[in-house]
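These values consider heavy atoms only, across backbone and side chains, with no hydrogens, waters or symmetry-generated copies. Residues: numbered from 1 along the sequence shown.
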Amino acid sequence: MGTGLLGGQSSNGYWKFPGIIDGERKELILQWYTAIATQAGSITVNFPIPFPNTFLADAVLPGGSGMALVNGGNVSQVSRQLYCNNPMSVAVITIGY
């Protein structure tokens with residue numbers, strides 16, 4: 001991971017964007033990461049960096065045939081329910097501040 005405005009640009013990383021949220025100066029953080037799903041079931045994945053305030057939403061791009069649904073999340077991790085017959089990679093983009 002990196003520091004400053006741009007984080008690491010690898011399979012796990014983040015970008016920070018300065019802005020005004022709820023009338024206060026805060027950083028909007030866009031993170032991306034990959035995970036390997038070895039079988040169907042529930043997994044918990046830690047974000048590359050914890051969000052200082054709030055986890056807002058994420059989008060999942062499963063590789064192969066399968067689905068990955070969000071069970072719940074907080075500022076440092078998200079829990080997912082995976083539906084797959086074979087191991088698959090999952091790419092995720094998440095946003096918070």
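Counting heavy atoms from C-beta on, the side chains of I20 and K26 never come closer than 4.5 Å. Here the side chains of F51 and T94 are in contact, with some heavy-atom distance below 4.5 Å. Proximity of L28 to K16: side-chain heavy atoms (C-beta onward) are nowhere separated by under 4.5 Å. Side-chain contact between N12 and T34 is present, with heavy atoms from C-beta onward closer than 4.5 Å. Side-chain contact between F17 and L30: present, with at least one pair of heavy atoms (C-beta onward) separated by less than 4.5 Å. Contact check for I29 versus P52: side-chain heavy atoms found under the 4.5 Å cut-off.
Closest of all the heavy-atom pairs between P50 and S76 is CB-CB, 4.1 Å.
Note: F55 and F47 meet the aromatic proximity criterion, with ring centroids under 6.0 Å apart.
In this structure, CD1 in I95 is found 12.0 Å from OG1 in T54, a value given to the nearest 0.5 Å.
Ring orientation note: the planes of W32 and W15 are nearly perpendicular, at an angle over 60° on the 30°/60° scale.
Partner of Y33 under the side-chain contact (heavy atoms from CB on, under 4.5 Å) criterion, chosen from V78, I93, N46: V78.
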